[in-house]
Amino acid sequence: MSNKVIMLGNEAFARGAYEAGVKVSAAYPGTPSTEISENLVKYDGVYAEWSPNEKVAMEVAIGASVSGVRALASMKHVGVNVAADPLYSIAYSGVNGGLVLVAADDPGLYSSQNEQDSRMVARAANVPVIEPSDSAEAKEFIKFAFDLSETYDTPVMVRTTTRLSHSQGLVELNDRVEPEDKPYERNMPKNVMMPGNAKLRHVVVEERNKKLALDAAEFPINKVEYNDQKIGIITSGIPYQYVKEVLPNASVLKLGLVNPLPRTLIEEFARSVEKLYIVEELEPVIEEQVKSWGIKATGKEIFTIQGEYSANLLRKALLKEELDLAEPAKIPNRPPILCPGCPHRSVYSVLNKLKIHAAGDIGCYTLGAVAPLSVVDTTVCMGSSISMLHGMEKAKGREFIKNWVAVIGDSTFMHTGVNSLMNMVYNKATGTVMILDNSTTGMTGHQDHAATGKTLAGEPTYAINIYHLCKAIGIEHVYEVNAFDVVTLEETIKREVDREAISVIITKAPCALLNKEPIKFQYTINTETCKKCGNCLKPGCPAITKCEDGTIKINDTMCNGCGLCESKCKFGAISKVEI
């Protein structure tokens, strides 16, 4: 079977893993990597799961590899940080079945809290890195990565970026290969990373890196394109596409393996061109190494370390073109906002009314930081809200956190929030933690998790009960409250922030976008009884607008009947209507 189809980069990664004979895949959803698992689970012969976090996903894939089958872990760049512990160690142990990690970086910060470069993590971990530049290469390079993993006894990172993961390209489909499972053989010196064994394995890793760097000159994923040799460009990944668009006649060394670098190939190319440029997004990972070998090259002197590259950026930097671009249309800024009917808005409206600060976390609910809700004061990483609240109390005392809570989503709580809550219990903390349970991983597109009752494949499974979990780790004061019951919610929050103990408030209401049923009723404003006080505007629902004449209206194309506005109206001017 062989035919060509248009695929997203992430679809192509999934297809390549399938064709390579992958049997086990584990991941935690995170833009821009999510669609890899969502597509891979559709293929027969592949077990694919959502793990509670990236560290667990990496360890699941490692276990599968050790047992003798090809395994995949996929995650976004900040997830690589979570998975770093097992990643660094398995680099020493090596593999049995092929082991590949897809790391999705996010130049431009489209959906991330930082702009890190996973190549630097891989260098530190002594893990080879392969980087494709389009969907066709995404499929083929991941297949090559599995072969490389088994040939050199190493985990391999395949690096992608948002632009590649979410761009489409033509991909040729091939049949799945079914490599025989490798037999498991007990090998304590190789697989048990205690100090005595690790010292010996470190030597093996260094020798492996040297051999890879030498052999890489012949790898088909590295490609030399000699044209006009006055200008030579070393590049990889998506920037290759911009180079070819801007300088189609230049000589190009397109690197498929970006760690370790194929030094002899680079040196030969550098000798063959008069002026050498290095074009890479984010950190000067290639550039610094090339310059350390005494090779003269121009890189970050003219290119930025920040953000995504583009053809226009290269035109300006390389050709000194002053681009006559049309002025962007002058339209009002559209800040990110919670959806109409989002239960998080209801919770934050109460916290705002009570003038309570929130230590925030990663999820849709991070938008509680922006006006008009303006509740979330801090956001660092997954699970940090609870630990930061704990740190505040230990630093400043109980009085300081009396007007603070930690807010965290249900998926993020299962990811790393549980550990933080256990730490509060263990270290005799006080404070109120609010788990905003909307029954999904909302920010990345409604993936299931350990508390939703469904697997990645959509199969029913045991749903972890968050209430009972909190009770089980020793928290006496745990409460479940309907997120839209603002009266009970306000009473509960006021009581619990004053309590000198740990308390957990679980606000429960499903994500508004999960409801696929037709809307049965909405709300409307009676302009005659409306006092124009603006209380209904305070939660910032996009379905409610104030007109130029001061009247307030509800847009019936956006209202989904959550009732938050009605609860805010003191004059009975908002009423429910059936539709």
Side-chain angles (χ1 to χ4, degrees), residues 1-25 27 32-48 69-74 97-105 128-151 156-180 215-216 218-227 235-245 248 252-258 262 311:
M1 183 268 287
S2 178
N3 63 299
K4 293 184 177 180
V5 298
I6 294 175
M7 283 186 161
L8 286 175
N10 281 347
E11 289 180 279
F13 283 126
R15 179 69 193 190
Y18 167 73
E19 290 183 8
V22 163
K23 288 193 174 179
V24 174
S25 167
S33 70
T34 306
E35 297 86 359
I36 298 172
S37 295
E38 290 179 330
N39 281 278
L40 191 51
V41 74
K42 299 174 185 177
Y43 290 108
D44 292 336
V46 181
Y47 168 78
V69 306
R70 290 186 164 185
L72 177 74
S74 52
L99 176 63
V100 172
L101 164 65
V102 178
D105 286 357
V129 182
I130 290 174
E131 187 169 16
S133 63
D134 58 29
S135 293
E137 287 188 351
K139 193 202 76 153
E140 293 303 321
F141 279 23
I142 201 167
K143 292 163 70 174
F144 183 85
F146 279 103
D147 291 336
L148 192 74
S149 174
E150 292 174 351
T151 300
V156 175
M157 176 186 289
V158 175
R159 182 194 186 226
T160 180
T161 60
T162 302
R163 189 62 49 194
L164 171 57
S165 288
H166 291 163
S167 295
Q168 292 182 320
L170 201 60
V171 175
E172 183 173 357
L173 305 185
N174 301 107
D175 292 331
R176 175 174 168 90
V177 300
E178 294 283 359
E180 288 188 13
D215 294 351
E218 306 299 324
F219 287 172
I221 60 173
N222 296 318
K223 184 170 63 174
V224 180
E225 301 171 356
Y226 281 119
N227 292 300
T235 189
S236 67
I238 280 290
Y240 168 76
Q241 307 293 350
Y242 309 139
V243 169
K244 294 300 289 183
E245 180 178 342
V252 178
L253 170 53
K254 178 184 176 298
L255 295 174
L257 183 75
V258 294

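Remark: D215 engages Y152, K211, F219 in a side-chain contact (heavy atoms from CB on, under 4.5 Å) (not counting sequence neighbours). Legend: residues meeting salt bridge (charged side-chain N to carboxylate O under 4.0 Å, His left out) with E180, ordered by chain and number and at least two apart, are absent. Partners of A103 under the side-chain contact (heavy atoms from CB on, under 4.5 Å) rule, at least two apart in sequence or in another chain, are V80, S118, M157. In terms of the side-chain hydrogen bond (donor to acceptor under 3.5 Å, both in side chains) criterion, residue partners of E178 (sequence neighbours excluded) are, by chain and number, R176. Legend: residues meeting salt bridge (charged side-chain N to carboxylate O under 4.0 Å, His left out) with K143, ordered by chain and number and at least two apart, are E19, E140. The side-chain hydrogen bond (donor to acceptor under 3.5 Å, both in side chains) check on S236 picks up E131, with sequence neighbours excluded. Taking the side-chain hydrogen bond (donor to acceptor under 3.5 Å, both in side chains) definition, one finds that S25 meets it with nothing, sequence neighbours left out. Partners of T235 under the side-chain contact (heavy atoms from CB on, under 4.5 Å) rule, at least two apart in sequence or in another chain, are I233, P239, Y240, V243, V252, V279. The salt bridge (charged side-chain N to carboxylate O under 4.0 Å, His left out) search around R163 returns E308, not counting sequence neighbours. Applying the side-chain contact (heavy atoms from CB on, under 4.5 Å) test to V177 and every residue at least two apart in sequence or in another chain returns P179. For E11, there are no salt bridge (charged side-chain N to carboxylate O under 4.0 Å, His left out) partners at least two apart in sequence or on another chain.
At least one donor-acceptor pair under 3.5 Å links the side chain of Q241 to the backbone N or O of S133.
Considering every non-hydrogen atom in both I142 and K139, the closest pair reads CG2-O, 3.3 Å. When all heavy atoms are compared, the tightest approach of G98 to S149 is CA-OG, 3.5 Å. When all heavy atoms of A12 and A138 are compared, the closest pair comes out as CB-CB, 3.9 Å.
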### Task
In sequence, state the C-alpha distance, the side-chain angles, and the governing distance for D147 and R70, and then conclude on side-chain contact (heavy atoms from CB on, under 4.5 Å).
CA-CA 10 Å; D147 291 336; R70 290 186 164 185; 2.9 Å; yes
### Derivation and outcome, side-chain contact (heavy atoms from CB on, under 4.5 Å), residues K244 and K254
CA-CA 11 Å; K244 294 300 289 183; K254 178 184 176 298; over 6 Å; no
With a 3.5 Å cut-off and sequence neighbours excluded, list the donor-acceptor pairs that the side chains of residues 37-47 form with protein atoms.
{"residue": "E38", "atom": "OE2", "partner": "Q447", "partner atom": "NE2", "Å": "2.7"}
{"residue": "N39", "atom": "ND2", "partner": "E35", "partner atom": "O", "Å": "2.7"}
{"residue": "Y47", "atom": "OH", "partner": "E49", "partner atom": "OE1", "Å": "2.6"}

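Residues F141 and V156 have side chains not in contact (no heavy-atom distance under 4.5 Å, counting atoms from C-beta outward).
Side-chain atoms of S165 and T160 include a donor-acceptor pair closer than 3.5 Å.
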